[in-house]
Amino acid sequence: VKDRMAEGSLSAAQKVEVARGFILQAPPGEVDEVVKDVKVLVGTDAGLEAKLPDILREYNENNNSVLKSADGASVVISAAAQVEGNKYKDHAAEKIFVVDHVAGQITGAEPLAVDPATEELRAPTQEALEKYVKGSLAAGSCSVVVAGPNKLSIAVVTTKLNPRNLWNGRWRSSWEVTTAGGSGEITGKVVAEVHYYEEGNVQLNASKEVRAPLSWADPASFAAAVAKTVGAAEAELQGFLDDSYRSMSDTSFKALRRKMPLTQTKFQWNKLTAYSLAQELTSK
Amino acid sequence: FHPACVVNNRTPACVEKAQEDGRMAEFKAAMDLMRRLPPKNIETSLSNTLALQPDLVDDLLSAVDQPLKVMKCPETNKEFILCDYNRDGDSYRSPWTNNYTPPLDDGIVPPDDLRRMELTANEAFNRYRELYYEGGVSSCYAWECEGGFACCVAILKTTAPAFMPLPEGEDPRRQTVSSGGWNAMHVIEGAVHEGSKCKYKLSSTVTLSLASEAKGMASKSDLSGSLSRSMEKDKPFDPRDPASHVANFGELVEEMEGRLRDALYEVYFGKTKQVVTSMRTAEDERKNAQQSLMAEMMRRQKQ
């Protein structure tokens, strides 16, 4: 560590890059605190302030943050939903929302024209996923966005934030579906993150990748196929986590340190004296 | 090399020092950041933080527990742990020979009486480690401190990736492989008073990393982090016996490890799992919950 520092201090651009790296790793619900810490460490003359909107845009897109407005509207942020700058589309709401990434809020809205051609597949898919989310996720959000002529981009996300009790969690999955005349492919990733920080720092990070073919006869069966794949993948990650917790606790954890020695008695600290003296004598 | 007397992630001595040097805000920001960034990246996070704030190097290296590393003592061929407490510049002192690698002409070594205590501690904790860890490496380093002495006990154990037995007839894609690592860092500060009593302050951090993967399901999981605790106890001690201090703080370390092991189990396999379940309810669980509810309702109807 000390070697690296001997090379001289960082340039402004390098400092901003370090800051970006830190902020992108912020646990769910803790971005503001991480930004605050980073600002103190970077100082005021590296131009970090000007780069923050861009860094937070990246954070929000990576994590499918759900931004809200004062009057209850909400939008799921994703790279595919970005129209330009700080504007993100929400087909179901028929709106383009303007957001402030730093404040973490919706600041305005514009109308979004509905394209009946793409709505044919998009709308029933969103409906099917919303039904899935309602049944399986606690206070979850989802959005299906037209990402290209034959491409839909899907985000499913929920967070459980409890900073008062020093823990936060996020469950999300993001998908891309290519559609070309009756058959296509769905690829995606499911991610579970938990941060517990009472008298410590413990983090869970689990993920599952999916790539599967998709075929359908009509929009309804398309929507059903997508929802089924998403639901099955999420259920599999949760099942894997159950297996994983069991194997970690029954196998790895126990193999690291026993609860009690085999003798079923604690270490005999009071017997140290005699042993140590004998050792000292024999080593001379 | 500035050994701090009591160190864990909330070090009073480091805080005092940072205050003195006018770096309080930066120190606090760095410590807060270390508690939020992913634990498995702590070395990179620490080195990037120090690149931003080079003046914090002594404060952070003593206040933030880094993954323990091991080196072979060139003279005895036995392993010893590398940490901030046996470091002088870029050299590390072997607890076996008291010599530095790479060699130093005037490397810091404990005074004779503490060196004797250190030898006793290493020997005792080697046997303690065999009983509880059945493997791994342990090292103890002592140093002089304002008001008394300080000693650290470092224990490192890892498990190689192992296959978790899969029940008969279970989908083979569900086969998981798990591995883990346990780093314990205990720092004791001892202050003798009234001639035959000693107050021991123990600050401990256990860093536990667990990883699991089911290749057949393209799924993986990383559960890493650390928990810290401290305790204080007054005990009678025999100044004529070099083993007396070791016996006293050894008991505290044993008790502390038991507590931390339980706390880790509860947080890792209880708390984090609960948070996942609070976000998404598995199909089976909901069905089971519904079934139990129905069964309960029917039972009450019959009464």
Side-chain angles (χ1 to χ4, degrees), chain A residues 1 4-5 10 15 18 22 25-27 30 33-34 37 40-42 136-138 158 160 167 169 171 192 194 196-197 199-209 234-238 240-241 243-245 247-249 251-253 255-259 261 266-267 269-270 272-273 276 279, chain B residues 25-26 29 32-33 35-39 47-54 120 123-124 128 131-133 157 159 162 164 174 176 178-180 182 210 212 214 217-219 221-228 241 243 246-247 250-251 254 261 267 269 271-273 275-276 278-283:
Chain A
V1 167
R4 262 167 286 192
M5 284 157 34
L10 301 178
K15 287 185 182 179
V18 168
F22 284 158
Q25 293 178 78
E30 297 175 45
E33 285 77 7
V34 171
D37 292 336
V40 171
L41 296 172
V42 167
S136 294
L137 262 66
T158 188
K160 200 79 172 183
W167 60 260
W171 176 287
V194 177
Y196 175 93
Y197 49 116
E199 291 185 286
N201 176 6
V202 176
Q203 300 200 16
L204 167 76
N205 192 302
S207 63
K208 177 186 167 72
E209 313 238 345
E234 293 204 341
E236 278 185 5
L237 178 63
Q238 191 147 19
F240 162 73
L241 274 172
D243 290 345
S244 165
Y245 271 110
S247 81
M248 283 175 176
S249 65
T251 312
S252 305
F253 184 76
L256 288 170
R257 184 189 184 281
R258 304 179 61 94
K259 195 170 165 74
K266 291 188 147 190
F267 188 84
W269 294 102
N270 53 2
L272 262 191
T273 325
S276 302
Q279 191 68 16
Chain B
E26 290 82 358
D32 188 71
L33 196 57
R35 255 175 100 200
R36 297 184 193 273
L37 294 180
S47 106
N48 282 336
T49 303
L50 290 174
L52 291 175
Q53 291 282 334
T120 309
E123 174 196 288
Y128 167 90
L131 280 180
Y132 278 101
Y133 293 82
K157 171 87 189 284
T159 61
M164 164 74 170
R174 282 177 63 182
T176 40
S178 299
S179 62
W182 169 295
L210 297 166
S212 171
M217 295 184 51
S219 299
S221 167
D222 184 278
L223 187 49
S224 297
S226 64
L227 291 181
S228 299
D241 177 6
V246 178
E251 255 184 344
E254 187 175 24
R261 190 186 184 276
V267 169
F269 310 118
K271 195 66 211 175
T272 67
K273 191 171 185 202
V275 176
V276 174
S278 76
M279 294 190 290
R280 187 183 184 282
T281 313
E283 288 286 333

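Sequence lines set the chain letters: A, B, ... in the order given, protein chains first and strands last, and positions in each chain run from 1. The structure presented is a predicted model; accordingly, all values stated were derived computationally and were not measured.
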Flag the pair A/K266 and B/E254 as a salt bridge only when some basic side-chain nitrogen lies within less than 4.0 angstrom of an acidic carboxylate oxygen. no
Go through the atoms of [X] and report whether side chain, backbone, both or neither lie under 4.5 Å from a heavy atom of chain B.
X	result
A/S249	both
A/V194	side chain
A/Y245	both
A/V18	side chain
A/W167	side chain

Give me the ring orientation class for A/F267 and B/Y128: parallel if the planes are under 30° apart, tilted from 30 to 60°, perpendicular past 60°. perpendicular
B/Y132 six-ring centre to A/R257 NZ/CZ under 6.0 Å and within 45° of normal: yes
When [options] are compared by non-hydrogen pairs under 4.5 Å with chain A, the top option:
options	answer
B/E251, B/K273, B/K271	B/K273
B/P39, B/A214, B/A124	B/P39
B/A29, B/A162, B/S278, B/G225	B/A29

Do B/L227 and A/Y197 pass the side chain to side chain contact (heavy atoms under 4.5 Å, CB included) test, and can you show the C-alpha distance, the side-chain angles, and the key distance before you say yes or no? CA-CA 8 Å; B/L227 291 181; A/Y197 49 116; over 6 Å; no
Closest non-hydrogen atom pair, B/Q53 against A/V40: NE2-O, 4.0 Å
